[in-house]
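See below for the structure under consideration.
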Amino acid sequence: MRYSLVLCATILLGGCSAPAGPGFHAGEAYLVNSQRTQFYSIGPAQVSGPDFALYHGQRLTMIDYAYGYSHVTVEATGQIGYVPTEDLAPAPPAPHPSPSPSSGATAHRRNGNDGRAPTAAEQSKIPLPEFPESEPPPGSPPFRY
């Protein structure tokens, strides 16, 4: 009796120890760590074969980490598909560029635009373009409503 109780507790608690499954590692950056790996848009069993190849160092965003093939997004193109999990490695964090005095971000702040979209009141103050009045070509009928 005691043995079966310990066995049941071990099985139940052992299943909770390792977080995995759909969405685990989702949003994390990965790099291709092999010289070349195949990219499948539908899945590795698609009839047409791989869509294209990814090369060493290309950055990917993980959608679903899985044994065999993982679901990823190619950061450069935004394409979504599957690649062999064994050809991926976690990417180092991307460096954040510091704004320099001549960068656009600083110039926007100096001009009063803090990078946000203009409000409806600000947009209503933008003048409409003015087009020159043109005369209809000779011999054309007059305009009617």
Side-chain angles (χ1 to χ4, degrees), residues 1-137 140 143 145:
M1 174 74 173
R2 187 175 198 173
Y3 177 73
S4 62
L5 183 61
V6 171
L7 180 63
C8 288
T10 304
I11 291 172
L12 291 175
L13 293 177
C16 298
S17 64
F24 190 65
H25 296 292
E28 294 180 12
Y30 278 77
L31 293 176
V32 175
N33 70 348
S34 63
Q35 288 296 79
R36 178 181 157 181
T37 189
Q38 303 298 325
F39 180 88
Y40 301 89
S41 60
I42 299 171
Q46 67 188 33
V47 178
S48 61
D51 294 297
F52 54 88
L54 297 172
Y55 295 95
H56 183 76
Q58 282 191 274
R59 252 179 118 77
L60 308 169
T61 302
M62 186 64 64
I63 296 173
D64 185 18
Y65 187 90
Y67 178 76
Y69 286 83
S70 290
H71 199 193
V72 298
T73 302
V74 180
E75 286 188 7
T77 62
Q79 290 182 288
I80 297 174
Y82 296 85
V83 296
T85 304
E86 64 187 19
D87 292 342
L88 301 177
H96 296 288
S98 60
S100 63
S102 62
S103 73
T106 308
H108 283 297
R109 276 189 240 116
R110 278 194 306 252
N111 296 336
N113 184 354
D114 55 359
R116 62 177 171 73
T119 63
E122 291 170 341
Q123 280 185 333
S124 67
K125 295 177 185 174
I126 299 173
L128 295 174
E130 294 185 24
F131 297 105
E133 293 291 325
S134 61
E135 296 294 324
S140 64
F143 179 75
Y145 291 97

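The chain is numbered in sequence order, starting from 1. Hydrogens, waters and symmetry mates are skipped; everything else that's a heavy atom, side chains included, is used.
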message: Taking ring pair (Phe, Tyr, Trp, His ring centres under 6.0 Å) as the definition, give me every residue that meets it alongside H56, ordered by chain and number, with sequence neighbours left out.
response: none

- request: Find the distance between OG1 (T85) and OH (Y65) and round it off to the nearest 0.5 Å.
  value: 6.0 Å

- prompt: Who are the ring pair (Phe, Tyr, Trp, His ring centres under 6.0 Å) partners of F39, not counting sequence neighbours?
  reply: F52

message: Does V83 form a side chain to side chain contact (heavy atoms under 4.5 Å, CB included) with V32? I'd like the steps, not just the answer.
response: CA-CA 9 Å; V83 296; V32 175; over 6 Å; no

- request: For A53 and R36, work out which heavy atoms get closest and say how close.
  value: CB-NE, 3.4 Å

query: Roughly how far, to the nearest 0.5 Å, is the CD1 atom of I63 from the NE2 atom of H71?
result: 4.5 Å

message: Under the rule for side-chain hydrogen bond (donor to acceptor under 3.5 Å, both in side chains), what residues qualify as partners of T77, not counting sequence neighbours?
response: Q79

message: What's the separation between atom CG in L31 and atom CG in L88, rounded to the nearest 0.5 Å?
response: 9.0 Å

Contacts of type side chain to side chain contact (heavy atoms under 4.5 Å, CB included), residue I42, not counting sequence neighbours: Q46

field: Pairs satisfying salt bridge (Lys or Arg N to Asp or Glu O under 4.0 Å), at least one member in residues 40-63, at least two apart
entry: R59-E75

field: Sequence neighbours excluded - salt bridge (Lys or Arg N to Asp or Glu O under 4.0 Å) pairs with any residue from residues 77-94
entry: none

